[in-house]
Amino acid sequence: MTESNAYGSRPEYLPDFMNDARDEDGRQVVRLDRAESRELEAVTLNRFPAASGDVLDFDAASYDDRLWWDDEEHWARMAAELLSPYVRSEERVAVLWGNLVMPTVTMPAGVAVRHARDILDAGPHFWIHPLGSSVLIECLMDGQVTVATIPSA
């Protein structure tokens, strides 16, 4: 399967609320098509050096903070704290997955906070980018969370 055919081919892997048109939070989720996702990647992920696979090399780039979550509850509290400025300002965030078959999505920051555990369960390797900001949050399956300022072009 080529990269262009793979992108977004398994939306059922997204958290259940994102696929439920009856869910109030789910109706606020927008799936990006491949071109939109590539545009977002160009101004976020692609500004950092890559390590192996789809992990960003923060040892070769600066980052603002490195945190560790121990369990889903700890992650949920951490996500609420990291996203609190964007919840207050009612901004949207993008979730980019470490897996191409799941489409990139955007949603209000408050929805991301309410469903932080669902997001973690769906893809324990992902990035959250508050739209309109220069912040990127990387969450790895080993519990490592890196908060970085996206380098300018």
Side-chain angles (χ1 to χ4, degrees), residues 1-11 13-15 18 25 28-70 72 74-153:
M1 186 179 323
T2 65
E3 180 179 315
S4 62
N5 290 336
Y7 175 79
S9 62
R10 302 305 298 259
Y13 289 176
L14 292 170
M18 292 183 188
D25 287 344
Q28 297 181 70
V29 174
V30 175
R31 294 182 194 170
L32 302 186
D33 65 27
R34 181 66 180 145
E36 293 166 326
S37 182
R38 297 284 293 190
E39 273 183 46
L40 185 59
E41 291 166 19
V43 297
T44 57
L45 305 180
N46 295 349
R47 299 243 176 116
F48 293 94
S52 63
D54 55 0
V55 176
L56 301 179
D57 186 1
F58 286 110
D59 291 332
S62 64
Y63 59 88
D64 302 322
D65 203 0
R66 181 154 285 156
L67 309 162
W68 297 87
W69 51 268
D70 297 320
E72 289 179 344
H74 187 200
W75 160 249
R77 287 191 311 272
M78 187 182 297
E81 183 177 324
L82 291 170
L83 296 176
S84 67
Y86 311 105
V87 171
R88 282 192 298 274
S89 61
E90 299 182 10
E91 290 186 48
R92 292 183 71 83
V93 299
V95 179
L96 302 99
W97 308 96
N99 181 340
L100 272 179
V101 299
M102 295 167 62
T104 299
V105 295
T106 67
M107 68 195 81
V111 171
V113 167
R114 282 193 295 280
H115 293 280
R117 283 188 218 135
D118 298 324
I119 292 168
L120 182 67
D121 287 344
H125 180 189
F126 56 88
W127 298 270
I128 297 176
H129 169 60
L131 300 174
S133 81
S134 60
V135 173
L136 183 69
I137 302 165
E138 178 181 65
C139 184
L140 300 177
M141 63 179 83
D142 65 359
Q144 180 177 294
V145 175
T146 303
V147 180
T149 300
I150 300 167
S152 56

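Treat the numbers as computed from the prediction; the structure is a model and nothing was measured.
- A side-chain hydrogen bond (donor to acceptor under 3.5 Å, both in side chains) check over residues 144-153, counting only residues at least two apart or in different chains, returns the pairs Asp64-Thr149, Arg66-Thr146.
- Among residue pairs with one or both ends in residues 96-105, those qualifying as side-chain hydrogen bond (donor to acceptor under 3.5 Å, both in side chains) are Ser37-Thr104; sequence neighbours excluded.
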In sequence, state the C-alpha distance, the side-chain angles, and the governing distance for Asp142 and Trp68, and then conclude on side chain to side chain contact (heavy atoms under 4.5 Å, CB included).
-> CA-CA 8 Å; Asp142 65 359; Trp68 297 87; 3.9 Å; yes
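- Note: Ile137 CD1 to Tyr63 OH = 15.5 Å, rounded to the nearest 0.5 Å.
- When the ring-ring contact (aromatic ring centres under 6.0 Å, His included) test is applied to His129, no partner is found at least two apart in sequence or on another chain.
- Shown here for Trp69 and Leu140, the closest heavy-atom pair between the two residues is CZ2-O, 3.7 Å.
- Atom CH2 of Trp127 sits about 9.0 Å away from atom OG1 of Thr44, to the nearest 0.5 Å.
- Contact of the Cys139 side chain with the Leu120 side chain is registered, since non-hydrogen atoms from C-beta on lie closer than 4.5 Å.
- Evaluation of the ring-ring contact (aromatic ring centres under 6.0 Å, His included) rule for His74 yields no partner, not counting sequence neighbours.
- The two atoms that bring Ala76 and Arg117 nearest to each other are CB-NE, 3.8 Å, heavy atoms only.
- With sequence neighbours excluded, no residue forms a side chain to side chain donor-acceptor pair (under 3.5 Å) with Glu72.
- Residues passing the salt bridge (Lys or Arg N to Asp or Glu O under 4.0 Å) test with Arg31: none are found, sequence neighbours excluded.
- Qualifying side chain to side chain contact (heavy atoms under 4.5 Å, CB included) partners for Pro49, counting only residues two or more places apart in sequence or in other chains: Asp57, Ala60, Ala61.
- Distance check, rounded to the nearest 0.5 Å: CG of Asn46 to CD of Glu39 gives 12.0 Å.
- Side-chain contact between Leu82 and Val145: present, with at least one pair of heavy atoms (C-beta onward) separated by less than 4.5 Å.
- Side-chain atoms of Trp75 come within 3.5 Å of backbone N or O of Ala116 as a donor-acceptor pair.
- With sequence neighbours excluded, no residue forms a side chain to side chain donor-acceptor pair (under 3.5 Å) with Arg77.
- Without hydrogens or angle criteria, Glu36 side chain to Asp33 main chain gives a donor-acceptor distance under 3.5 Å.
- Taken to the nearest 0.5 Å, the CG atom of Leu96 stands 10.5 Å off from the NE2 atom of His125.
- With sequence neighbours excluded, no residue forms a side chain to side chain donor-acceptor pair (under 3.5 Å) with Ser133.
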Side-chain polar contacts of residues 105-115 - donor-acceptor pairs under 3.5 angstrom, sequence neighbours left out - could you list them?
residue, atom, partner, partner atom, Å
Thr106, OG1, Arg92, NH2, 3.1
Arg114, NE, Asp25, OD2, 3.1
Arg114, NH2, Asp25, OD1, 2.8
His115, ND1, Asp118, OD2, 2.8
His115, NE2, Asp25, OD2, 2.8

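- In this structure Phe58 satisfies the ring-ring contact (aromatic ring centres under 6.0 Å, His included) test together with Phe48, sequence neighbours excluded.
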Should Leu32 and Arg38 be marked as a side chain to side chain contact (heavy atoms under 4.5 Å, CB included) after you check the CA-CA gap, both sets of side-chain angles, and the distance that decides it?
-> CA-CA 9 Å; Leu32 302 186; Arg38 297 284 293 190; over 6 Å; no
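- Under the ring pair (Phe, Tyr, Trp, His ring centres under 6.0 Å) criterion, no residue pair touches residues 132-153, with sequence neighbours excluded.
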